[in-house]
Amino acid sequence: MISPIFLSILLSSSVQLVHAHGWLGSVTVGSQTFIGNVPNASPTGTVIRQIDDVDPVKGASNAFLNCGQNAQLASDVAQANPGDTVAFTWVNGDDGPWVHNTGPMQTYMTSCGSQDCSSFDSSDASWFKIQEQGRITPGGDWAMSLMNTGAPANVTIPSNIAPGNYLIRHELIALQIAQTEGGAEFYPACVQLTIGGTGTGTPTGDELVKLPGAYSDTDPGILVDAYSNPNADYVFPGPPVAAFVSGNTTDTSATAAAAPSSSTSTSGSCKKRRSVEVVNDVRPRTLSRVMKSLLTQE
Ligand SMILES: *[C@@H]1O[C@H](CO)[C@@H](O)[C@H](O)[C@H]1NC(C)=O
Ligand SMILES: *[C@@H]1O[C@H](CO)[C@@H](O)[C@H](O)[C@H]1NC(C)=O
């Protein structure tokens with residue numbers, strides 16, 4: 001059992017290491033993979049809008065909630081079809097696997113209209129939600145934690161979506177310090193698509209939201225202690241998944257789309273998990289093996 005005093009010293013000395021954070025390193029649309037531009041590096045051709053800072057977007061009304069920190073237009077557009085899987089591989093600031101493991105993932109889309117998304121200014125766009133993912137099992141780990149091994153997050157393009165130019169916006173909300181107002185960490189990223197097919201599905205007007213605009217810092221899924229009651233239903237911020245989205249994939253595998261179900265509930269230990277969560281959020285790769293084993297001892 002590690003002493004609380006030692007733990008607090010260790011954690012405060014690790015504060016400068018908390019900048020693990022991260023960005024969308026690559027995306028696979030159907031069978032094509034596109035590498036994102038490293039934040040602040042010279043841009044090359046890609047379909048992922050480049051950000052300039054791996055730190056999270058803080059504050060529900062932050063303009064960078066739109067597509068990430070100072071997001072810039074990308075030069076290219078990925079061709080996609082309804083029903084394709086879009087696999088988002090997030091990396092941390094050091095290019096290793098995503099480290100945060102507590103909080104939901106949500107996906108939105110917006111139409112770029114008749115123009116190619118490579119010239120579309122999304123700051124005032126109207127977005128609809130196509131997917132939301134919480135915990136894998138009631139009271140268990142969050143789907144986000146599956147990315148700690150380098151696995152992508154998988155999203156299915158609605159199988160009946162109308163063809164056209166769309167931005168798809170994947171968002172991680174890391175909740176490890178969300179019990180304090182303003183603590184929630186938002187990580188949005190936008191990918192430029194052109195979708196083919198003959199679908200007719202579109203959102204209704206009341207399903208459309210602005211980003212920022214859809215969230216408040218006091219929403220129950222944003223100002224929330226994610227550890228104290230894992231059995232509580234998680235309340236996803238923003239609008240519900242648009243009704244036209246059939247076969248929505250709130251499940252956690254790319255193959256389980258046939259059995260849509262909500263993965264938001266929960267049960268299980270929380271005290272024990274808490275110290276593990278903290279370790280994962282202080283860039284585990286910089287902790288020595290000894291420190292890690294101390295921290296995970298119970
Ligand atoms: C997924 O779709 C089903 C059927 O339309 C709906 O009942 C359910 O609420 C949707 N899930 C989410 C998370 O919106
Ligand atoms: C995405 O799909 C892959 C392959 O099936 C799987 O290994 C991975 O865990 C999935 N990601 C999530 C977040 O469920």
Side-chain angles (χ1 to χ4, degrees), residues 20-36 47-48 56 68 78 80-93 95-109 129-159 168-176 178 184-191 193 221 226 230 233-234 236-238 241 245-268 273 276-277 280-281 284:
H21 305 326
W23 52 288
L24 180 60
S26 64
V27 66
T28 300
V29 181
S31 58
Q32 264 198 298
T33 296
F34 303 89
I35 306 297
V47 301
I48 302 173
N81 286 304
D84 276 355
T85 295
V86 182
F88 298 89
T89 301
W90 288 83
V91 295
N92 76 9
D95 235 11
W98 182 250
V99 297
H100 297 296
N101 57 14
T102 302
M105 307 193 281
Q106 310 197 95
T107 311
Y108 294 82
M109 294 179 77
K129 192 187 281 184
I130 62 162
Q131 183 250 17
E132 53 191 22
Q133 258 183 314
R135 295 180 192 267
I136 302 164
T137 55
D141 289 338
W142 297 79
M144 183 191 290
S145 70
L146 297 173
M147 298 199 297
N148 298 162
T149 61
N154 314 297
V155 176
T156 305
I157 295 177
S159 58
I168 185 166
R169 174 186 176 279
H170 193 241
E171 168 187 77
L172 315 179
I173 309 179
L175 296 177
Q176 69 277 1
E185 299 184 347
F186 300 94
Y187 297 91
C190 293
V191 174
L193 304 178
D233 272 351
Y234 178 72
F236 290 92
V241 171
V245 180
S246 57
N248 56 37
T249 53
T250 52
D251 58 355
T252 58
S253 79
T255 52
S261 71
S262 166
S263 57
T264 63
S265 55
T266 96
S267 89
R273 168 144 295 144
V276 175
E277 300 274 0
N280 283 346
D281 286 320

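First listed ligand is number 1; within each ligand, the first listed atom is number 1.
- Neither side chain, Trp90 nor His100, offers a donor N or O lying under 3.5 Å from an acceptor on the other.
- Taking the six-membered ring for Trp and the full ring otherwise, the centers of Trp142 and Tyr234 sit less than 6.0 Å from each other.
- Distance alone, capped at 3.5 Å, is enough to place a donor-acceptor pair between the Asn148 side chain and the Trp98 backbone.
- The contact set between ligand 2 and Ala143, taken as ligand atoms under 4.0 Å from a residue heavy atom, comprises 13 (C).
- Any N or O atom pair closer than 3.5 Å counts here, and Gln133 shares no such pair with ligand 2.
- Proximity of Thr102 to Met144: side-chain heavy atoms (C-beta onward) are nowhere separated by under 4.5 Å.
- Atom 3 (C) of ligand 2 has its nearest heavy-atom neighbour, among Val155, Asn154, Thr85, in Asn154.
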